[in-house]
Amino acid sequence: MGDEGRMEKKSAVLEARLEKLQALEARGVAPFAYRYEVTDHAEGARAAYEAAEGAAAPGEAGQGARVRLGGRLVSLRAHGKSTFADLADRTGRLQLYFKADRLGEAYGLLALLDIGDWIGVEGTLFRTRMGEVTVQVDSFELLAKSIRPLPLGKEELDPETGERRVYSGFADVEQRYRQRYADLAVNAEVRELFLRRTRIVSAIRRFLDERDFVEVETPVLQPLYGGASARPFVTHHNALDMRLYMRIADELYLKRLIVGGLERVYEIAKDFRNEGIDRTHNPEFTMLEFYQAFADYGDMMRLVEELLVELVRTVTGGGTRLVYQGTEVDFTPPFRRLGYYEGLREHGHLDFEAMDDAALRDAARSLGVADVNDLSRPKLIDELFKELVESHLQQPTFIVDYPREISPLAKPKRGAPTRVERFELMVAGRELANAFSELNDPLDQRERFLAQSRLREAGDEEAQSYDEDYVRALEYGMPPTGGVGIGIDRLVMLLTDQASIRDVILFPTLRPEQEGS
RNA sequence: GCGCCGGUAGCUCAAUUGGCAGAGCAGGGGACUCUUAAUCCCAAGGUUGAAGGUUCGAUUCCUUCCCGGCGCACCA
C-alpha cells in the first residue's frame, strides 16, 4: 500500500497504537529493533526449571536459572505496580512477571506495550504462588511494535482436563485464509497443522532419498503442456515473444531424465490447472512424482504401499490406522488390488462389455453425468467407473489395469493389449496416487499422441498435446520405468483429517478483496 | 456455472411484527505489587458488504452486484 488514497480508515485502536509509537520514540525507545540474543525458549525453559526443581532438596528450589527469551506478547494483566503477561514463541507460552521495584524506571515502558508486540526478556525462573513457572523479568526490550490489533482470543486452561479454551478468537474463515499470518499468529492448532504438513513432506523426501532417488527441478513454464489431462494456464514471454504454459504435470520432463540415465528421480513441486475451485481443488497444488528405472507398476505399487505405511506411522506415532472425517481407514499392507473392469462389474453391476454406446450413455445420464453425448466410449466407461466404483472405496485399494484409450502414457498390459499397466490408489473415496509402467516404445508413443490429437480436433480440450521432443527422447531409449504421481495436498488432508484443501494450503487461491472492505 | 446459507464496532456475537443498532473481549482514562478469560469504576467506539427500490420509518422486505461457506456440476 503506502498510497494514502488507498489506506483504509484507521480504527481507534490503530490510532492509539500509532500514538504509543510516537511516545516510545519520544522516550528514545526504538520501536523496531535489529536483533536480540535469544538463548532460551518457553517450553525448554519450563522443562529445565521443573527438572531442576525435581532434583533439588525440598525447600531449595527457589532460585531458578537465568533465561533470555524472544516472543510475542499474547496476554497482559496489569495490576498497578506489577504486571503479569504471557509470552508466546514457537515452542509455546511462558508467563512473565514484571515488578516496579525490580525494574525501576523501565517499568513505565510497559504502559506503551500492547498485545501483539514482539519483545525480548531476560530474567530468572520461579514458581508463583498459584504454581505457574514464570520469568521474573529483570530487563526487557521492545523488538517490534504491533500497530494493528491481532484478533487474539482469551485463553483458559481447564484445571481439570488441561484443555485449552479460547474465547472470542479468530473464526471468520474468509479472513483466516486471506490473512493467514494472523491465523497462524493466533491459532496454535493452525501452526501445528502446517508443521505437520512440513513433517510429512520431509518424511517423503527422506523415504525417497534413502532409496537413492535424486530430487530434481523441471520447467514450470513450458512451450507444450502434457503429462495429464487438464486445461492449463497460459502466459507469454516478452523477450521470446512466445506463448508459454504453466505446467499441469512434471511427467514428461522427469522421464526425459530417465532417458538421460538418472535412473531414479523425483520432484515435489507446484502444478497448475485452470479449473474450478472447491474443497479438493486449488488452481496451484503440490505434486510429487517419482520415476524408477527397471521397475514396473507392480514394483511401484509395493513402493507406494511402503511409503504410505511409513507416512501413516509418522502421523499416528507408529500406527497403521487413522480416522478421516469419521471413517477409520486401515493402511495395514497389502492393500486390496481390484481390476478396473472387475471393479465395474462387481461394484457397478454393469456388464458394460455387452452394452452398446447408447446403453452406456443412458446409464451415465441416469447417474447424473453431464454432457454424455460428447463422450467417447472409453470416457463414458470411465465416468461410470468414477460414479459407481471410486467414490465407494473407503479402504486403500489399488485399481489396476486401465483402458488404453484414457492412458496415453502407459505401457500395454502384458497379455491384454486393450488395457495398460496402470494403477490408481483410492482412499476415502478419492484418488491418492496414479502410476504406470511407463510407455517407452517411441513408435507406440507417437501413435498414442496422434490418437490424442484426433480427440483434440474432435473438441476434447483436455486431450494431451503431441510432444515431438518427448518422442525424440524415447527414440534414444528409455529403460523400463515405473512412475508414480501423488497429490501432496490431498495426501496431507487425509493424514491430518482436514475436509478442505484450503486448510492445508498456507495461502489458498481466493478472489481479490474488495476495495475498502 | 446453478442452488442454499452468511457478511452488523478491531475480534466474537445479539437486535421481537419494519420503530432511537446492543453486549462481551480488545482499545482509551482511573484504582490496584502473585494475576492468569485478573478484578473494579468511567468514557468512547458503527456508511449494518455495495448500489438501488418499497415505506412516515429498513440491520429487518424487494432487486442487482461483491466476497465467503456448504452442496451440485466440472476436475486431480
Side-chain angles (χ1 to χ4, degrees), chain A residues 8-17 19-20 74-86 93 95-103 107 111 114-116 126-132 134 136 146-159 164-179 182 186 228-231 248-249 271-283 285-287 368-371 383 386 390 424 426 430-434 461-462 485-491 493 499-502 508 510-517:
Chain A
E8 63 194 284
K9 200 187 65 173
K10 288 187 194 75
S11 71
V13 182
L14 229 97
E15 293 279 12
R17 296 219 178 166
E19 279 168 25
K20 285 184 187 176
V74 292
S75 172
L76 264 174
R77 300 178 296 281
H79 304 75
K81 294 192 173 60
S82 78
T83 297
F84 284 92
D86 293 333
R93 290 178 171 219
Q95 182 168 259
L96 308 177
Y97 186 42
F98 301 84
K99 280 177 81 168
D101 51 13
R102 211 173 164 103
L103 287 160
Y107 188 84
D114 289 290
I115 287 173
F126 75 110
R127 200 180 271 281
T128 63
R129 251 174 246 158
M130 297 302 288
E132 182 160 347
T134 300
Q136 169 83 256
S146 167
I147 296 306
R148 184 180 293 273
L150 273 177
L152 255 171
K154 295 206 166 190
E155 295 190 2
E156 180 183 41
L157 279 180
D158 190 302
R164 206 166 54 92
R165 274 201 296 273
V166 179
Y167 298 85
S168 63
F170 188 38
D172 184 321
V173 177
E174 178 180 350
Q175 293 310 319
R176 288 184 41 224
Y177 294 149
R178 289 194 192 283
Q179 303 187 39
V186 153
S229 300
R231 282 152 61 186
I248 58 170
D271 287 348
F272 307 85
R273 298 191 185 174
N274 206 341
E275 278 149 11
I277 297 177
D278 63 27
R279 71 183 205 293
T280 59
H281 296 82
N282 197 62
F285 61 102
T286 304
M287 191 71 164
V369 175
D371 304 325
E383 289 297 334
K386 284 178 177 168
E390 286 193 357
E424 289 193 5
M426 305 301 306
R430 283 193 206 137
E431 177 195 327
L432 200 63
N434 182 19
E461 284 187 72
E462 295 187 343
I486 296 178
I488 295 295
D489 312 279
R490 290 183 179 180
L491 174 67
M493 286 169 69
S500 171
I501 199 168
R502 294 182 201 93
L510 298 173
R511 284 195 167 85
E513 273 178 290
Q514 282 170 276
E515 193 82 7
S517 67

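In what follows, chains carry the letters A, B, and so on, assigned in the order in which the sequence lines appear, proteins first and then strands, with residues in each chain numbered from 1. This structure is a prediction, so every number in the text was calculated from the model and none was measured.
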Among the nucleotides B/G27, B/C34, B/G68, whichever has the atom closest to the side chain of A/Ala16 is B/G27
### Message
Quick test of your reading of the model: are A/Lys81 and A/Asp101 salt-bridged, counting only N-O distances below 4.0 Å?
### Response
no
Open item on the list: With a 4.0 Å cut-off on N to O distance, would you call A/Arg93 and A/Glu155 a salt bridge?
Closed with: yes
C1' gap between B/C42 and B/C56, integer Å
38 Å
query: For B/A76, does either OP1 or OP2 sit under 4.0 Å from a side-chain N or O belonging to A/Lys386?
result: yes
By nearest-heavy-atom nucleotide on RNA chain B, the more 5' of A/Gly169 and A/Ile115 is A/Gly169
As its Watson-Crick or G-U partner within any shown strand, both distances under 3.5 Å, B/U47 has none
Out of B/U35, B/G68, B/A26, minimum distance to the side chain of A/Phe84 belongs to B/U35
When rounded to whole Å, the CD to P distance for the pair A/Gln95 and B/A37 reads 10 Å
Say we look at B/U59 and B/U8: how far apart would their C1' atoms be, to the nearest angstrom? 7 Å
query = Should A/Lys154 be listed as having a side-chain N or O under 4.0 Å from OP1 or OP2 of B/A26?
reply = yes
Side-chain contact check for A/Arg77: nearest option of B/C34, B/C70, B/U36 is B/U36
B/G18 -> Watson-Crick or G-U wobble partner, both distances under 3.5 Å, gives none
Which of B/C67, B/A76, B/U36 is nearest the side chain of A/Arg511? It is B/C67
| message | Classify A/Phe285 by what it touches in the nucleic acid, base, sugar-phosphate, or nothing, heavy-atom distance under 4.0 Å. | response | base
Mate of B/C25 across any strand shown (Watson-Crick or G-U wobble, both atom pairs under 3.5 Å) is B/G10
| task | Using a heavy-atom cut-off of under 4.0 Å over every strand shown, decide if A/Asn282 touches base, sugar-phosphate, or nothing. | result | base
- P atom, B/A43 versus B/G69: distance in rounded Å? 42 Å
Residue pair A/Ala85/A/Ala78 against RNA chain B: nearer the 5' end by closest nucleotide is A/Ala85
In this structure, CZ of A/Phe98 is separated from CG of A/Leu103 (nearest 0.5 Å) by 7.5 Å
What integer number of Å spans the P atoms of B/G49 and B/C13? 15 Å
Distance between P atoms of B/C2 and B/A38 (Å, rounded): 47 Å
Rounding to an integer number of angstrom, what distance separates B/U63 and B/G3 when you compare their P atoms? 12 Å
Span that lies between the P atom of B/C67 and that of B/C25, in whole angstrom
36 Å
As its Watson-Crick or G-U partner within any shown strand, both distances under 3.5 Å, B/U33 has none
Where do N or O atoms of nucleotides 41-44 of chain B meet protein N or O atoms at under 3.5 Å, pair by pair?
none

A/Asp101 atom CG is separated from B/C34 atom C1', nearest whole Å, by 13 Å
Exercise. According to the interplanar angle, ranging from 0 to 90°, do the rings of A/Phe84 and A/Tyr97 count as parallel (below 30°), tilted (30 to 60°) or perpendicular (above 60°)?
Worked result: parallel
#### Entry: Check: A/Thr128 side chain, B/U35 base, donor-acceptor under 3.5 Å
yes
How about A/Arg77: does its CZ atom have over 12 heavy atoms from other parts shown lying under 6.0 Å from it? yes
A/Phe126 CZ to B/U33 C1', in whole Å, measures 11 Å
Against the side chain of A/Ser229, the closest entry in B/G71, B/A76, B/U33 is B/A76
Worksheet entry | B/C74 base / A/Asp278 side chain donor-acceptor hit below 3.5 Å | yes
Check: Where the side chain of A/Asp172 meets the backbone of A/Gln175, is there a donor-acceptor pair that is under 3.5 Å apart?
Finding: yes
Rounding to 0.5 Å, atoms CG (A/Leu96) and CG (A/Asp86) come to a distance of 7.0 Å
Under 3.5 Å: donor-acceptor pair, side chain of A/Asp489, backbone of A/Thr286 = yes
To the nearest angstrom, the CD-P distance between A/Glu174 and B/C70 comes to 12 Å
Looking only at B/G69, B/C11, B/C34, the nucleotide nearest the A/Leu510 side chain is B/G69
* Donor-acceptor pair, side chain of A/Arg490 and main chain of A/Thr280, under 3.5 angstrom -> yes
- prompt: Without hydrogens or angle criteria, can the side chains of A/Ser82 and A/Tyr107 be said to hold a donor-acceptor pair below 3.5 Å?
  reply: no
From CZ of A/Phe170 across to P of B/G68 the rounded distance in Å is 15 Å
Quiz item: So, is A/Arg502 close to the B/C70 phosphate, meaning a side-chain N or O under 4.0 Å from OP1 or OP2?
Solution: yes
Separation of B/A37 atom P from A/Leu76 atom CG, nearest Å, is 15 Å
Rounded to whole Å, the CG-P distance (A/Leu14 to B/A9) equals 16 Å
From the candidates B/A76, B/C67, B/U33, the one with an atom nearest any side-chain atom of A/Glu275 is B/A76
Does A/Glu156 get its side chain close enough to the base of B/U36, under 3.5 Å, for a donor-acceptor pair? no
OP1 or OP2 of B/A38 less than 4.0 angstrom from a side-chain nitrogen or oxygen of A/Ser75, does that happen here? yes
Pairing partner of B/G71, by Watson-Crick or G-U wobble and under 3.5 Å for both distances, is B/C2
Closest non-hydrogen atoms of A/Arg273 and A/Ala230, given as atom of the first, atom of the second and distance, are CD-CB, 3.5 Å
Regarding the side chain of A/Met130, the nearest nucleotide among B/U35, B/G27, B/U33 is B/U35
Checking B/G10, B/C34, B/C70 against the side chain of A/Arg279 (C-beta onward), the nearest is B/C70
### Message
Closer than 3.5 angstrom, by distance alone: can the side chain of A/Glu275 be matched with the main-chain N or O of A/Arg231 as a donor-acceptor pair?
### Response
yes
| said: Using atom P in both nucleotides, what's the gap between B/G10 and B/C34 to the nearest angstrom? | reply: 35 Å
(Q) Students often get this wrong, so: under 4.0 angstrom with heavy atoms, is A/Arg490 touching a base, only sugar-phosphate, or nothing? (A) base
Notebook entry, point to check: Does A/Arg102 put a side-chain nitrogen or oxygen below 4.0 Å from OP1 or OP2 of B/U33?
Noted result: no
Rounded to whole Å, CG of A/Asp172 lies from C1' of B/A9 at a distance of 14 Å
The nucleotide from B/C34, B/U36, B/U12 with an atom nearest the side chain of A/Ala171 is B/U12
